[in-house]
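Structure, as structure tokens:
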Amino acid sequence: MSGVERGAAPGPAPQSPEGLDGAAGPGEVEGLHWAAGPQGVAGGDPLDHPDPLRAADSVAVETLLRAYVRETGTDVPPSGGLLRLRLPCSALNLRVRVLYRSATGWHRFGRVRVVTSGQGGSLPADVGLVAAALVRESTLGRGAPPHLGADAVGRVISSAARTGVHLVRRRAEEPGARGVTPFLDAEQALLLGHPFHPAPKSREGASDSELDAYSPELRGSFPLHWFAVHPDAVVGESADGRTPAELLRPLTDGLGLSVPDGMAVVPAHPWQARDVLARPAVSALVDAGLLRPLGPAGPHWYPTSSVRTVHRPGADVMLKLSLGMRITNSRRNNLRSEMRLGVRAARLLAAGPAGRLRAEHPEFAILRDFGWVSAGADGDAETGLETAVRDNPFRGAGLEGLCVAGLVAERTGPGDGSPPAHRALLCEAVARTARAHGVSTAEASARWLAAYLDVLAVPLIRLRAWYGIALEPHHQNTLVALDTDGLPCAGWYRDSQGYYVAASHAADVERLLPGAADGLDLVFDDAFVDERVAYYLGINNLLGLVGAFGALGLADEDGLLRVLRARLERLRSAEPGAKALLDLLLDAPVLRCKGNYLTCVDGLDELVGDVESQSVYVDLTNPLAEAQR
């Protein structure tokens with residue numbers, strides 16, 4: 001059972017140690033120059049603490065709390081108030097100052113303290129204690145043995161440690177350091193990870209030295225590892241009919257690989273290359289002479305924000321490599337069913353939807369996973385060498401797409417307690433818009449959101465309205481380009497994992513591409529499709545963006561919710577085919593929301609099982625339904 005104390009009225013938190021921690025400890029904030037917090041809240045950002053490990057611990061606790069209160073329906077008091085969590089399964093009471101209460105759930109918190117007496121005595125709590133107490137509440141409190149949460153607690157702690165490494169390394173960079181290209185800089189910006197995931201930087205199975213090369217946050221890079229494969233053991237397909245060898249030839253020419261006569265080559269992530277050799281299916285191929293490791297070769301590739309997808313600015317394609325390392329909740333082995341879905345989706349889009357989207361929205365595009373290659377036999381049994389081939393329009397010239405998750409990701413200060421010049425790439429863009437248009441930061445934020453809706457959200461909703469095709473456009477799967485004024489001027493969607501066709505459009509899709517759904521999980525009930533779009537586009541992307549504006553101190557969330565509501569209402573009037581989806585987004589009192597915290601606690605791998613049960617979903621109050629028109 002959780003509770004809140006509402007003793008403080010809405011408004012700025014006190015400029016004192018208690019404003020951060022709920023109670024002062026000797027010397028806890030001495031010498032720190034805390035910046036004004038969001039919405040005028042003065043409480044300093046724990047991310048800027050001079051000790052990067054304490055900063056990482058504080059951020060990990062805050063993210064865990066944010067996910068916990070969302071998924072348990074715990075009410076959060078106004079900014080400046082105290083949130084009290086009564087945790088009877090651990091016989092603990094926690095309290096924490098609310099630095100910023102968000103209408104969309106992107107709350108900011110001070111340091112958590114354990115209440116030690118009825119007279120208000122307390123001690124500071126670290127991420128290990130908070131994680132153990134909350135997870136125990138969510139196991140024992142739901143009738144499960146408490147030991148079942150130990151894995152989740154370990155991942156939360158491990159994620160905090162990885163975040164500390166990221167902060168240490170970024171603070172050691174020269175001021176103003178950037179990635180090789182704007183595209184890569186945004187991909188490498190997620191130092192803290194998903195703002196509603198309890199273990200966003202958990203990565204299991206790799207050493208620290210390996211993670212130096214494999215982590216986008218550390219600006220890692222590495223050459224691909226290559227295998228020679230007998231023609232009888234090469235599998236794959238492409239949307240345009242090219243063979244696997246033809247797909248990869250532009251990447252392999254000139255590498256100097258010593259390939260046995262008559263054999264083809266397939267790439268692998270270097271971590272995966274070592275791991276798969278112990279798998280029975282792969283060792284059998286090696287023993288039969290059908291597969292031969294060739295080792296690393298060629299230029300370095302850069303991991304993007306997903307870790308397993310790699311990019312090279314001069315390459316024609318990106319590669320989504322299979323990676324069995326456990327990242328957050330899942331092992332990221334590519335499934336052949338998903339890769340076939342990507343190729344089928346590319347063919348379906350080419351049959352009409354892509355052309356109509358280009359005509360109506362030339363500023364929007366879908367990055368296709370248009371081919372794949374692997375070693376092994378035909379069928380659905382993965383060997384771990386499956387690689388998807390993706391469009392790459394970002395080659396270091398022209399418009400560069402910026403991952404939206406990277407745009408809103410917070411930056412660390414230089415390490416002396418002061419904040420960075422811009423808390424996130426989004427802050428930098430909005431400041432540019434405000435200067436160029438001669439408007440306030442709040443007005444620039446509203447214009448930024450309006451432009452974003454036009455280049456990204458509207459075409460995605462129209463694709464659902466026209467063809468029944470729905471995608472999973474969360475922040476990491478969406479990209480925007482910015483014009484010279486800092487405003488969104490182009491948008492992209494990526495990733496073949498999330499394609500849905502609404503059952504009401506199944507016959508239309510079949511006419512466009514006969515056999516479109518054969519052998520694939522592609523067609524779903526309309527209500528289920530709209531529920532998932534309402535989460536991925538509505539909650540995660542659009543409401544998440546509104547929350548980021550608020551938490552970063554750029555604009556009032558209520559005003560941005562009105563901007564969002566007004567644009568979606570106009571679209572509802574113009575697109576009858578989107579009415580059911582937009583009725584849900586705009587008017588439903590609650591929306592179904594993916595529960596990253598409970599999914600982590602329950603130990604679910606989100607890439608295993610049917611699409612309806614891969615994750616835990618919870619009901620979330622819909623702030624758009626409450627927004628003033």
Residues two or more places apart in sequence or in another chain: which of them pass side-chain hydrogen bond (donor to acceptor under 3.5 Å, both in side chains) with Arg447?
-> His437, Glu443
Is there a donor-acceptor pair under 3.5 Å between the side chain of Arg219 and the backbone N or O of Gln188?
-> no
Close side-chain approach of Lys594 to Asn540, heavy-atom, < 4.5 Å | no
What pairs with Arg462 under side chain to side chain contact (heavy atoms under 4.5 Å, CB included), at least two apart in sequence or on another chain?
-> His361, Val458, Trp466, Leu571, Glu575
Listed partners of Tyr302 passing side-chain hydrogen bond (donor to acceptor under 3.5 Å, both in side chains), at least two apart | none
What is the distance from atom CZ of Arg308 to atom CZ of Arg332, rounded to the nearest 0.5 Å?
-> 6.0 Å
Who pairs with Tyr467 by ring pair (Phe, Tyr, Trp, His ring centres under 6.0 Å), at least two apart in sequence or on another chain?
-> none
Give a yes or no on whether the backbone of Thr309 and the side-chain of Thr304 come within a donor-acceptor separation of less than 3.5 Å.
-> yes
Results of side chain to side chain contact (heavy atoms under 4.5 Å, CB included) for Pro299 - residues two or more places apart only = Leu255, Arg312
Those residues at least two apart in sequence (or on a different chain) that pass salt bridge (charged side-chain N to carboxylate O under 4.0 Å, His left out) with Glu217 are Lys201, Arg203
Sequence neighbours excluded, the answer for side-chain hydrogen bond (donor to acceptor under 3.5 Å, both in side chains) partners of Asp583 is Arg572, Lys579
Arg171 side chain to Pro50 backbone, donor-acceptor under 3.5 Å | yes
Under the ring pair (Phe, Tyr, Trp, His ring centres under 6.0 Å) rule, collect the residues that match up with Tyr452, sequence neighbours excluded.
-> Trp448
Output all residues satisfying side chain to side chain contact (heavy atoms under 4.5 Å, CB included) with Asn392, sequence neighbours left out; order by chain, then residue number.
-> His311, Met318, Phe394, Arg395
Kindly assign one of parallel, tilted or perpendicular to the pair His269 and Phe222, based on the angle between their ring planes and the thresholds 30° and 60°.
-> tilted
Do His474 and Tyr535 make the cut of ring centroids closer than 6.0 angstrom?
-> no
Determine, stepwise, if the pair Arg178 / Glu428 fulfils salt bridge (Lys or Arg N to Asp or Glu O under 4.0 Å).
-> CA-CA 14 Å; Arg178 300 276 181 164; Glu428 199 171 331; 2.8 Å; yes
Mind checking side-chain hydrogen bond (donor to acceptor under 3.5 Å, both in side chains) for Ser102 and listing every partner two or more places apart, or none if nothing turns up?
-> Thr104, Glu557
Would you please name every residue forming a side chain to side chain contact (heavy atoms under 4.5 Å, CB included) with Leu620, sequence neighbours left out?
-> Arg70, Ile539, Cys593
Give a yes or no answer on whether the side chain of Asp212 reaches the backbone of Gly220 with a donor-acceptor pair at less than 3.5 Å.
-> no
Contacts table for residues 396-408: side-chain donor-acceptor under 3.5 angstrom, sequence neighbours left out:
residue: Glu400; atom: OE1; partner: Phe183; partner atom: N; Å: 3.3
residue: Glu400; atom: OE2; partner: Gly396; partner atom: N; Å: 3.3

Would you say the side-chain atoms of Asp391 pair up with the backbone N or O of Arg368, donor to acceptor, closer than 3.5 Å?
-> yes
